[in-house]
Structures are given as C-alpha cells and as structure tokens.
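For the numbers below, each heavy atom of this structure counts, side chains included, while hydrogens, waters and symmetry mates do not. To find a chain, count down the sequence lines: A is the first, B the second, and so on, and within it residues start at 1.
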2 protein chains.
Amino acid sequence: MICVYLESGAVGILHLPQPSRPEGFALIRLLLGGICNTDLELQRGYYGFAGTPGHEFVGEVVAADSVDLIGRRVVGEINLACGRCSWCQRGLSRHCPQRTVLGIVRHPGAFSEFLTLPERNLHVIPDSIPLEAAVFVEPLAAACEILDQVPSLPGSEVAVLGDGKLGLLVAQVLHAHGCRVQQFGKHAPKLAISAARGIATEVIGTELLPTAAFPYVVDATGSPAGLRAAVSMVEPTGTVILKSTVHGEVPVDTAPVIVNEITLVGSRCGRFEPALALLARGAVDVRPLVSERMKLSQAPAAFARAAEPGILKVLLQAD
Amino acid sequence: MICVYLESGAVGILHLPQPSRPEGFALIRLLLGGICNTDLELQRGYYGFAGTPGHEFVGEVVAADSVDLIGRRVVGEINLACGRCSWCQRGLSRHCPQRTVLGIVRHPGAFSEFLTLPERNLHVIPDSIPLEAAVFVEPLAAACEILDQVPSLPGSEVAVLGDGKLGLLVAQVLHAHGCRVQQFGKHAPKLAISAARGIATEVIGTELLPTAAFPYVVDATGSPAGLRAAVSMVEPTGTVILKSTVHGEVPVDTAPVIVNEITLVGSRCGRFEPALALLARGAVDVRPLVSERMKLSQAPAAFARAAEPGILKVLLQAD
C-alpha cells in the first residue's frame, strides 16, 4: 500500500505491506485525510518525528472484531489509551500517560491507504454528513473541547484571535452555542467564511486592539504574539483559552495575569460526539475551509501547498 | 507627623502635616505595619513609585463619620474603588479600573503615623486577635483568595512552591481547609514553621522535583523559575495558581500547558472576612513569621533588614 513518510523535514511516499490488525482493532481504508498545522510542524522536525503522519481522517472499516462495523464510514479518536490507568478510569483517556497518538506519537498515522485504530476509538458517520465534512470531526472536536473546559462560555461575549483553520472552527462552534463572537484576523478572505455564518469579524490593521474588553478570549493565532494580545484583550477576572501550539518558549509578562486575576486554560483534543452533532444538524459549515483536494501519492506537493500563506485545509484522498 | 517616603530606590523619612479626612473616610492612627515584598519591589523602583508605601497595617480610628468606629482597632482593604462602575456593582471592586490602592497606586500608604481610608474598606478587629496577628490580615486574605478562585481545592492534594512569607501563609490557609499540602522550599528554618502546623515539607536539594504529581500547584516562589517548575509538577488537566509577582517577562513553554490542558490562575488580593475568621479561630499561626519589629523612624534600616535573605516579616510600629 501507499503511505506518506516524514523524516527530518522531508515528505516522501513509501510502499509498505498492509498493516496487521491486532485484536480489538479495526483495519480502515482511507477515504479522506486532512493536513493539520501539527503535521506541518512534524514535517519541520520540531518533535523529532519520523513515520507516517495524519490524524484527521474519514475511512471505511474493512476488517474488525465487531462485524457491524465492517463497511461503515468512520472517524476515529486519535489517542490510543491503555484503558486501565487512573486517567482512563476517570474518563480522561486523552491524558493517559501510556497513550500513543495516531500519526503523532508512536502509532502510524492516517495518511496511508490503510490504517488501524482500536474499535473503541471509532465513531460511525451518519449518512447525512458528507465525507468532506466528516474529515473535519477531529479538529472540530478540538474546538468543542473549549466548551467542555469552560462551561460558562455559551451566551457570553468572546473574542477569537486568529483566522486560520482552527480559529475559523472555534468561531463557528462558539457562535453555534450562542456566544457573541468577535473574530480578529489578518486575512479578509478567511474572515469572510465566518462573516457568512453571521459572525462579527475584524481585520487587524493599524488600529490598536481593544484592551480589557472581553470576558473570554481564545488565542488561535498559532503565534507567540497571540498570548500577549489575548492577555491584553481579556477583562480582569476573565479567561483566555490557549489553542495555539507554539514551538519553544514564549516570553509572557505574568504581572497583568496576576494583577487582573486572569485564568489561562490550555486546550487540546476534544470528544468527537459534540462535533458530530454539530455537523449532523448543520450548525457549522466546514466546507468553505477546503482549499484543495489532492491524491495521497501527491503528498509532497500537498504538504507544500498546505504551508502556503492564504491556504486553509488541504485534503488527501486515496489514489 | 512622621511618614516613610520612597523614591528612586531610596527610603527616607518625611515630616508632613496630618492628612485631611474626606467625607466617608476614616482617619487612622498606625499601630503596626508590615513590610511586604511588593514594598521592596516599589523601593527597587520597578513601578516608578514615589510616595508613602505600606498596605499591610492595623490601626486605631481617630476620626470618622460613623462615630461607632472611633477608637476601634481596624484593618483595611487596600483597593479604593469608585463604587459606581459595573465592576463595583458586580462585587468586584478589587478590579475597579478607577481604583487607587493604599501605598501602591495614587493613595498614600500606611507607613505613616496617620492614614486615611474609606470607612467601607475597614474591618474592626475582634479583641481576641492580637495586633501582631491582625497586621497579617491583608496577606492572609491574598492567600485565602485562592479558595474563592478555585473552590474545588479544599480536601485536595496540593503542592505549594516557595517558603517565603506568602508561601508560608498559603500553606497554612490550605492546610486549614483540609488540603493535603506538600510545601517545597529552599530554607529549612522557614519550612519548620509549616511543619510545626502539621504540614508536609520538603527542602529542595539536588533531587528532581516530582513531575505530573499534583492536581493543584501554587507558585509562591517569587521567581521566574517557579512557574516552569509548577507547570512541570502539575498533573494533566490540573491547575496552577500564580501567586508570584515577577518583574518583567518570563519565558514560558506553552506546549505542555496546552498538551496537558493545564489551567493557570492569576491570583492577587482577597476578601478580608475569611482571613479574619481564620485568625479568630486560631486556624493559622502567623506570629512565627515575624522576624523583627522596628520603629517607623527606622524605616530605612527596616527596609534593608526585610530584604536580607532568611528574614520573614519586618513590622513597623509608631514611634
């Protein structure tokens, strides 16, 4: 089978035998994968990653212990947890210290004709959700995670900083939950996707950003400057949600965080159920986020395309 | 009257007329003041401060609109709020954007024979609380603030980093609320104060600090390294409370905060009521924290003493 291979900054194509399916696992044929900024960071060699990347996917089950899964279209939670430790027992398997992570930590990723995942990680996609939408379930779940972590958010005023893929998903998810969202970004065409959903948007120009103006601010800029801007924009006693993974250390002035008693909430992956529910009832529209659709065998070009400025989601489909 | 004066790093003594008492304010004669690390930072000129410092005090009311206050021993909340803005209306006057702050922001401080504060800021001290304990109400309230911000704390395991004045108060306050506290510090004699109250303590030596080991960590180190250590010691999905005011920017690796979904809570001043209640029922013992008691006119020497390593609270009494 064809699969993508990353090592030391290079993207290549490998021909490998189809993976074997351990007990409790499903063998899945890739239908569509999505290139995420994390994949681009793995490519840049930030985490010493070598292997097959890809953690956003929709596929079809070709073999499984549970026969009713066979032939179904599925998405899959990316953390492979031990199922036995105290974290797993407390329902926090996404933080299992023994976990491997699909396409990120010691489990081959989804940018491959076939992949394996534990059956308990899989969610069957209802027929009403098209493939191009289903492939967004994983990042959409990461956006929904904010609501699990900060249950006081729905109905509130919130600033979303950043108009990249994750920022656009976060803005739509919060808007769908009754938040009064104001999204700040640098790219008018990207912000137009949010504006079309009725979200207030503002292109960051030469004017100063508002200070101490929002009870909640989500930093989805992906840049070290985002955290500083978020701390300055949030009201005293307010909450900043950190959705930007930034490589290396960020200089932070902790004095305003302490003086204004601000809470900073780190936020990563989320449960898939709320994301599937949002897609099923059409409360978010992810399709305008697709910039390009390329074949798995074109992965080197697809990765280069995904890294270009102005490009949103690049999808990979089986050849 | 005698008062302390700080400017550009120098501590001096001034003779000024007794301050006039605006309507709604009490005129207070100083009984005891406490030198706080913030005062030492003001002295170092970090905030361009010039004037009379001092925000930890106990005094006697000599004039007031409310005649029943006259002659009473009082402590006073340090934020002078406008009382009209939305923050004040919501009971968050400590964050009133128009506020002045006793001895810190545009209101002369308590290191003076006489000071003024709004009557609504005052709390009468019960006779059962000795003066040397009452002077700790303000920093003790700052320690209690953690419980208002993180109501899930009581009964939990918590690491307290730092064995300075604030770290010692935080450890006792949390211990008094049923937390299983483990305090980490560099000074065995200081940690002995906590140990005498039944708190588990550990002198930081050459061994590595435990990682991902506590659901809650309070950083009261006052050092830029404290935040990094706290983030490393807290469990995934855990909470770090920031009690260290550090001057300037701190390099923070936000990746573990995001990957482990850690919450960071900035924490400053607190309500006085819980602090008074703890002192009244003897649940904390602040007197071992007193290193020295000097006269107001000895303020230059007292500030120098307070800055020496190994010294805890230096108190100032009227001459």
Using a 4.5 Å heavy-atom cutoff, which residues in residues 83-91 of chain B come close to chain A? B:W87, B:R90
Quick check: under 4.5 Å, non-hydrogen atoms only, which of residues 227-243 of chain B neighbour chain A? B:L227, B:R228, B:E235, B:P236, B:T237, B:L242
Just checking heavy atoms, which of residues 260-273 of chain A are less than 4.5 Å from chain B? A:N260, A:E261, A:I262, A:T263, A:L264, A:V265, A:G266, A:S267, A:R268, A:C269
Euclidean distance, A:D219 CG relative to B:T254 OG1, rounded to 0.5 Å: 8.5 Å
What residues of residues 143-169 of chain A sit under 4.5 Å from chain B when you count only heavy atoms? A:E145, A:Q149
Minimal non-hydrogen separation, A:V259 against B:H95, with atom names: O-CE1, 3.5 Å
Selection from B:D253, B:V257, B:L92, B:I258 maximising heavy-atom pairs under 4.5 Å formed with chain A: B:I258
